[in-house]
Amino acid sequence: MNALLLTEYMKLEMVEMPEPDIGPDDVLVRVRACGICGSDVHGFDGSSGRRNPPLVMGHEASGEVAKFGANVRDLKPGDRVTFDSTVYCGKCFFCQRGDVNLCENRQVIGVAPKEYRRHGAFAEYVNVPRRIMYKLPDSFPFEQAALIEAVSIGVHAVSITPVKLGDTAVIMGAGMIGLVTLQAARAAGCTRIIAIDVDDLKLERAKAMGATETLNSKNTDAPAAVYALTDGHGADVAFECVGYSEPVSTAIYSTRKGGTVTLVGNLQPKIELPLQYVVTRQIRLQGSCASNGEYPQCIDLMARGVIQVAPLITAVAPLADGPSWFNRLYNHEPNLMKVVLQP
Ligand SMILES: [Zn+2]
Ligand SMILES: [Zn+2]
C-alpha cells in the first residue's frame, strides 16, 4: 500500500509498505480521509517526543471496512466508519471504572513514543481495534468525519463542565479546538459566548461559528471586558484551549467567583498560576483529556448540523501532497485550519 512515512524528523516521504496485519478483534480500514492534527505538526520536528520515526502518523480519520478479524461480527466490507484515536485496554482500573480516556495502557493511533509504535492513517490502510470504531451515517462526508476526533475533545470538555441554560462561557483560543468547544458550549445551553484570541481572523471565524462577542487580548484588557459584559460578575465557565501561562491566566481572571475553568490546551508542560486568585474566589480548575465515549453523540450533533466543521476545513488534498501541507502548517502560514488528506 501507499503510505506517507515520517522517515526521520522533518522528512515525510511517500513509500510502499505492506498492508497491516490484523488480529481477531481488529478491523482493516481503507482510509478515505485523514486530518493533519496540530500534534502531528509538533511531532514532525521531534520536539514533542511523541513521534519516533519511522512512523506513519495520522489519527483523525475515516474510511471503509476492508476486512476484519474472526471475533468481529457486526460489520461488513464497505461499511463507512470512523474511530477514536485512543486505543484503551478495557482491563485496567480506570477502564473498569468507565474512564477509558484515562486508561493506564492507552495507545494512540499514529503515535510512537518510546514504549510502543502504532502506525496511523496517513496510508491506504490502517489497523483499528473494533472497540474504538463507530459506524457513520451513509450521507456523512468522509472529510468531515476526519474532524470528529477534534469535535469529541470539545464535546468531552463541555460534558465535564457544569453548564446551565443561559450561562456565559469564555472560549480562550479560537483555533480548531476552541471553535468546536464553542459550538458544543452553545449546544449545551450557553447563550453568551465570548471568544478571546490574539488573531482577528480567528475571531472573525469564531463570530461566524456562534460567538456572541469576541475580544482581541492583544489590544484589550479581556477580563475587564468580560466583567463589563456580565454585570461585573465574570463568566460562569471558561474553556482554555491554548495552554500557555498568559491565556490560562486570562481564562481564570475572566471567570466569576465559584465558576469553573476547564483546561483543554496544554502546549506547555508547566505554567504560572494565579493561585491566590483561584483559591480566594473558589474557582474550580479541571483538566479535560481527549474524550470518553462521546463519539456517537458527536456523529449525531454533526449529522444534524448542531456542530459544523465544514467551515473549519482549509483544504482537502491527495496524500501525496502531505509533505508540502506539513511544511505550510509547520511554518505557521496564516489562516490555515484543518487540512484533510485523502490516501
Ligand atoms: Zn489530534
Ligand atoms: Zn485500560
Side-chain angles (χ1 to χ4, degrees), residues 4 6 12 25 31 33-45 47-51 55-63 82-113 115-116 118-123 126 128-134 142-157 173 175-181 184 241-243 263-267 287-295 298 302 307 309 312-314 322 325-326 329-330 336-341:
L4 184 65
L6 182 70
L12 282 164
D25 299 307
V31 182
C34 183
I36 302 178
C37 177
S39 70
D40 294 327
V41 180
H42 290 292
F44 175 57
D45 67 357
S47 59
S48 73
R50 303 264 305 146
R51 308 283 191 282
L55 177 72
V56 178
M57 301 193 287
H59 57 269
E60 306 180 346
S62 60
T82 186
F83 45 87
D84 201 340
S85 57
T86 303
V87 184
Y88 59 89
C89 75
K91 298 184 180 97
C92 72
F93 174 78
F94 296 98
C95 282
Q96 300 266 305
R97 285 170 52 94
D99 298 323
V100 298
N101 57 329
L102 307 179
C103 173
E104 297 269 44
N105 310 306
R106 83 193 274 259
Q107 298 189 347
V108 181
I109 290 183
V111 169
E115 315 84 71
Y116 64 85
R118 205 172 176 120
H119 284 308
F122 289 133
V126 63
V128 178
R130 170 66 186 95
R131 65 180 178 281
I132 62 163
M133 181 168 288
Y134 301 87
F142 286 125
E143 320 78 81
Q144 293 193 20
L147 277 80
I148 290 178
E149 201 244 1
V151 170
S152 76
I153 289 166
V155 167
H156 181 65
M176 183 71 209
I177 299 296
L179 293 180
V180 295
T181 305
C241 304
V242 187
L263 303 167
V264 186
N266 60 109
L267 283 175
S288 179
C289 176
S291 63
N292 185 19
E294 284 96 346
Y295 267 55
C298 294
M302 290 166 76
I307 292 182
V309 296
L312 306 178
I313 300 177
T314 303
W325 279 108
F326 262 87
L329 290 161
Y330 186 77
L336 292 184
M337 294 285 286
K338 184 60 71 184
V339 175
V340 177
L341 300 177

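All ligand and atom numbering here is 1-based and tracks the order in the structure.
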Item to check | Where Gly58 and Asp40 come nearest, the two heavy atoms and their spacing | outcome: N-OD1, 4.0 Å
Item to check | salt bridge (Lys or Arg N to Asp or Glu O under 4.0 Å) partners for Glu149, two or more places apart | outcome: none
Checklist entry - Within the distance-only criterion (no hydrogens, no angle test), does the side chain of Asp45 pair as donor or acceptor with the backbone N or O of Gly43 below 3.5 angstrom? => result no
Checklist outcome for this item: Closest heavy-atom pair, Ile109 versus His119, reported as atoms and distance to 0.1 Å, is CG2-O, 3.9 Å
Item to check | Exam field: side chain Asn292 to backbone Gly98, donor-acceptor pair closer than 3.5 Å | outcome: yes
Checklist entry - Do you know the tightest heavy-atom contact between Ala33 and Val340? => result CB-CG1, 3.7 Å
Item to check | Whether Phe122 and Phe326 hold their rings parallel, tilted or perpendicular, with breakpoints at 30° and 60° | outcome: perpendicular
Item to check | Under 2.8 Å from the Zn ion (ligand 1), the protein N, O or S atoms, given as residue and atom | outcome: Cys37 SG, His59 NE2, Glu60 OE2
Item to check | Distance criterion under 2.8 Å: protein N/O/S atoms around the Zn ion (ligand 2) | outcome: 4
Checklist entry - Which atom names give the shortest non-hydrogen contact between Gly154 and Thr181, and what distance separates them? => result CA-OG1, 3.3 Å
Side-chain atoms of residues 89-97: list all donor-acceptor pairs with protein atoms under 3.5 Å, sequence neighbours left out, distances to 0.1 Å.
residue : atom : partner : partner atom : Å
Gln96   : NE2  : Gly90   : O            : 3.4
Arg97   : NE   : Asp99   : OD2          : 3.4

